[in-house]
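Here is the structure we will look at, set down as structure tokens.
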Amino acid sequence: DITQDNERFMREKLRKEYGMAAYAILSIPKIDEYINENNVIIDGLYSWDELKILKEKYPDLIIVAVIVDKKIRYQRLNIRDIRPLSNEEATNRDIKELENLSKGGPIAYADYFVMNNGTEEEYMNNIKKLVKEL
């Protein structure tokens, strides 16, 4: 079943098996398949080790962090259709991801930051503005 506990279990299991760069290591074949044909966007870069592996393999990789105030993010998590989280569940997840998965590094080391505190239209405008800059 798709639950917060099962997802955490799988994230942590894969990282125990492959190390903290598990998702990067497992994604490289798919990235390589597409990178010669087009630009590639990787969503969900979570650990510092993943960032190091991907930057080593793809030195021109640009890291974009999507930022939203915690209060707004927790409100959105609370009302989403799939796997809604209470504030307590979101807080516990955040702390576990920071402590167990080194999640903060890629965000802190990002090349660009895109704000997502407003409407979907405002967010898309922020993305389009960044794409024009790049």
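Predicted model only: the values in this text are computed from it and were never measured.
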The reported gap from CG in D1 to CG in N6 (rounded to nearest 0.5 angstrom) is 6.5 Å
For the CG atom of D69 and the CG atom of N116, what is their distance to the nearest 0.5 Å?
10.0 Å
At what distance, to the nearest 0.5 angstrom, does CG of L98 lie from CD1 of I107?
7.5 Å
Side chain to side chain donor-acceptor pair (under 3.5 Å): pairs with one or both residues in residues 77-89, sequence neighbours excluded
E7-R83, S86-E89
Let me confirm one number: the CG-CD1 distance from L54 to I63, rounded to the nearest 0.5 Å.
7.0 Å
When rounded to the nearest 0.5 angstrom, what is the spacing between CD1 in I79 and OH in Y74?
15.5 Å
For a salt bridge (charged side-chain N to carboxylate O under 4.0 Å, His left out) with D94, tell me which candidate from R73, K103, K70 qualifies.
R73
Restricting to non-hydrogen atoms, name the atom on E133 and the atom on Y112 that form the minimum distance, rounded to 0.1 Å.
OE1-CE2, 4.3 Å
Going through the distances and angles, do V68 and Y123 end up as a side chain to side chain contact (heavy atoms under 4.5 Å, CB included)?
CA-CA 10 Å; V68 61; Y123 170 68; over 6 Å; no
4.5 Å side-chain heavy-atom contact, K129 and K132:
no
D111 side-chain N/O to I62 backbone N/O, donor-acceptor pair under 3.5 Å:
no
Side-chain contact test, heavy atoms from C-beta onward, threshold under 4.5 Å: evaluate it for D49 versus R15 and give yes or no.
no
Any D32 side-chain heavy atom under 4.5 Å of Y58 side chain
yes
Look up atom CD in E50 and atom CG in L26, then write down how far apart they are to the nearest 0.5 Å.
9.5 Å
Any link between L130 and I41 through a network of hydrophobic side chains (Ile, Leu, Val, Met, Phe, Trp, Tyr) touching at under 4.5 Å?
no
Heavy atoms of other groups near Y46 OH, more than 12 under 6.0 Å
no
Answer with yes or no whether the hydrophobic clustering places I31 together with L51; edges join I, L, V, M, F, W, Y residues whose side-chain heavy atoms lie under 4.5 Å apart.
yes
Please answer: with hydrophobic residues joined when any side-chain heavy atoms are less than 4.5 Å apart, are I28 and I35 in the same cluster?
yes
Counting heavy atoms not belonging to E120, are there more than 12 under 6.0 Å from its CD?
no
Taking all heavy atoms of A108 and all of F113, pick out the closest pair and write down the distance.
O-CZ, 4.3 Å
Looking at every heavy atom in both L85 and R93, which two are closest together, and how far apart are they?
CD1-NH1, 3.6 Å
If we ignore hydrogens and angles and just use 3.5 Å, is the side chain of N126 paired with the main-chain N or O of M115 as donor and acceptor?
yes
Can you get from V40 to V66 by hopping between Ile, Leu, Val, Met, Phe, Trp and Tyr side chains that sit under 4.5 Å apart?
no
Between A21 and I53, the two heavy atoms sitting closest are CB-CG1, 3.5 Å
Check whether Y34 and L134 end up in the same hydrophobic cluster, where Ile, Leu, Val, Met, Phe, Trp and Tyr are linked by side-chain heavy atoms less than 4.5 Å apart.
no
Hey, is CD on Q75 packed in by over 12 heavy atoms from elsewhere, all under 6.0 Å?
yes
